[in-house]
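The next block holds one structure in the form of structure tokens; read it before the comments.
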Protein chains: 2
Amino acid sequence: MSKRVTIKSIAKDLGISHMTVSRALSDNPNVHAKTREAVVRRAAELGYVKSAAAKAMRGDGTKIIGLLLPNIVNEFYARFANTLAEACEEGDYHLIIHLTNDDIELEQRSLQRLLEVQAMAAIMVPAPGDPGESLKRLGSMKIIQLIRQRRSDKPTASILVDDEAAIRDAVIHLAGIGHRAIAYIGADAALSSGRSRLSAFKSGLLASEVTEIAELIHVGSPSFEMGRSCARRILEERVATAIVCGGFEISNGALTALLEAGKGVLEEVEFVGYGDPSFYAWLMGGISTIRIPVDDLAFKAVDMLDGDASSGRLVSFPAELTVRGGVS
Amino acid sequence: MSKRVTIKSIAKDLGISHMTVSRALSDNPNVHAKTREAVVRRAAELGYVKSAAAKAMRGDGTKIIGLLLPNIVNEFYARFANTLAEACEEGDYHLIIHLTNDDIELEQRSLQRLLEVQAMAAIMVPAPGDPGESLKRLGSMKIIQLIRQRRSDKPTASILVDDEAAIRDAVIHLAGIGHRAIAYIGADAALSSGRSRLSAFKSGLLASEVTEIAELIHVGSPSFEMGRSCARRILEERVATAIVCGGFEISNGALTALLEAGKGVLEEVEFVGYGDPSFYAWLMGGISTIRIPVDDLAFKAVDMLDGDASSGRLVSFPAELTVRGGVS
DNA sequence: CTGAAAGCGCTAACAT
DNA sequence: ATGTTAGCGCTTTCAG
């Protein structure tokens, strides 16, 4: 087992000082061209790899960016991660992905570990719940909150989605084509987004003078299973003629319930999803949905990463109702 | 800006040696219980975070695992990454994801950077092409090749898919229901998997005594766009009555072409995809496909990570033909 | 039980 | 243009 190749080992090999090697390898002008060439060649021959650890320990920082996501199979998160990762390749960053499964404890653990490796920034979809005091000190790690925002003393940089208008539009659209019993499945008040989406839904009902039916409003911890079981219940009750979803996982879960229920039901219940996985356009003649501009969010995130460290900025991108399903 | 909290700063604060702090914080028995308690409390108060860099520099290794994927939006890769990431959370590993976009240069760069951070292992889907000499020395980083395998001097650990039987079955199935003009879209010979899948396709034709039509066999660098354009061409030519795909991206691309072509065509052309995104089951009454057991692959990868460092093992999981679309 | 010294790989700041 | 020193945060080794 040959030992690690370091600037020192190269220096010894070449009979020069390790500083010269360091300089040669980092394009410092103060090296004789000939020396530099020799060093560079020998380094390549020996298979020298610079140690990120040593750099980090000197306080030069790392090129590590953390990404905390509930999961990465949901196409929205996958697309976000993909776009971000591409940007990272370009900027020579490392992207560390941590899955939180919307569990606050996992989230805190992940942040802690990101701190340990001195990640320069963490982009996170905050999990529902109270983070507690445990992790007040984020040191120099910049935090960017995505989609959801945690109320907190110091203002954090946030990239949010303004989906209230779109959700309202969805309800108004449904009412416009005759629906009078419109169900809603969304996150509960543990998330600010849960609250605002529900109120947008209600505001839509109000605007279209459709009666709010308490039994048709389902809120809870947002997940695929939650969406599926709520939708199943709604279908069984046979009261609602339309369903509006307020959440990525929920939408996929609810849609699955519809698909599982089969043809008969599909034609009776109008569905408005949340997020726009590629296949929504093709399923059942096209699934209507609240579109979120994923790439815009991702680009903005990159932007905030590059930009000055001034935290506290907050941007919001409008969601948009996409009506589909003209065919059948 | 308060400086970083280190064992030394804690030691000074407490008026003891930094060694005692180190011991206390790493559960070394040789510390007076009272001292330990004081240290632990103070560390928590101050918000101490241990430095992964310092540890790494001492040669204690890192808890970093690299994952090199063409992209992460394709549901197969997303699922693999998701399962792997969950395992990483459990084992307190960091998962660094690098997107190669099937570009060998990006791949080499990513590996290089993984080396710099002293990743303990890299799980990679090798990009087509020749890696060249540049990166012979992987040091202590264990490499696990996924899905595809690069021919190389030293045997690398590999997790492969044995899809030849399934592809053969697909052709035989199509022939069995009457198809005589079966098209194929797959990767070219730059990938060993490309070669073997194509030969499986041909073997299927042979077995069912269906004539091979050269014009209906499309190979090239595997990508969504490639799949889409080949499928479009096939549809335009109106010769083929069935299409078999040999690749994840290709399958989604080709399917998109079919969907874009609209209803008329859908009923004329039988489609067998590759990989099994969740929506295949629901689209067009169910898309037939070559199923790959993603989670099995992911679990195996975790397994190999944990297992002894003995590289060179090679496992292969069988793919399976899933026929769907009875309805319409 | 506690402490002092050394060294992991690297570079900024001074020497030469 | 090149060399020396020191120190980043940590643990191992050897002394108390």
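Values reported hereafter were calculated over all heavy atoms of this structure, with side chains retained and with hydrogens, waters and symmetry mates removed. The structure displayed is predicted, hence computed values, not measured ones. Chain identifiers are assigned alphabetically (A, B, ...) following the order of the sequence lines, protein sequences preceding nucleic acid strands; residue numbering begins at 1 within each chain.
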What is the distance from [atom1] of [X] to [atom2] of [N], rounded to the nearest Å?
X	N	atom1	atom2	answer
I16(A)	dA1(D)	CD1	P	14 Å
I7(B)	dT12(D)	CD1	P	11 Å
D60(A)	dG7(D)	CG	P	17 Å
M57(B)	dG7(D)	CE	P	14 Å
Q118(B)	dC8(C)	CD	C1'	10 Å
N28(A)	dA12(C)	CG	C1'	11 Å

_Pair E89(B), N101(A): side-chain N/O donor-acceptor within cut-off below 3.5 Å_ = no

*Has K63(A) got more than 12 heavy atoms of other residues, nucleotides or ligands less than 6.0 Å from its NZ?*
yes

*Atom CD of E45(A) with >12 non-hydrogen neighbours under 6.0 angstrom*: yes

*Taking atom CG of L314(B) and atom CD of Q145(B), what is their separation to the nearest 0.5 Å?*
9.0 Å

*Hey, what do you get for CG (L95(B)) to CD1 (I96(A)), rounding to the nearest 0.5 Å?*
9.0 Å

*Lys/Arg-Asp/Glu bridge criterion (N-O < 4.0 Å) met for R150(B), E107(B)*: yes

*Would you mind checking if D102(A) and R148(A) are paired as a salt bridge, meaning a charged N to carboxylate O distance below 4.0 Å?*
yes

*Under the ring-ring contact (aromatic ring centres under 6.0 Å, His included) rule, what pairs show up with a residue in residues 40-65 of chain A, not counting sequence neighbours?*
none

*Between K8(B) and V31(A), who's closer to the 5' end of DNA chain D by nearest nucleotide?*
V31(A)

*asked:* Give the residues of residues 35-50 of chain B touching DNA chain D, defined as any heavy atom closer than 4.0 Å, sorted by residue number.
replied: Y48(B), K50(B)

*Give, ordered by number, those residues of residues 17-25 of chain B having at least one heavy-atom distance below 4.0 Å to an atom of DNA chain D; if nothing qualifies, reply none.*
H18(B), M19(B), S22(B)

*Given dG7(C), dC10(C), dG3(D), the nucleotide with the shortest approach to the side chain of R58(B)*: dG7(C)

*Take L305(A) and Y93(A) through the side chain to side chain contact (heavy atoms under 4.5 Å, CB included) test and state the conclusion after the steps.*
CA-CA 11 Å; L305(A) 248 27; Y93(A) 290 108; over 6 Å; no

*Return the 5'-most residue of the pair K55(A), A33(B) with respect to DNA chain C, ranking by each residue's nearest nucleotide.*
A33(B)

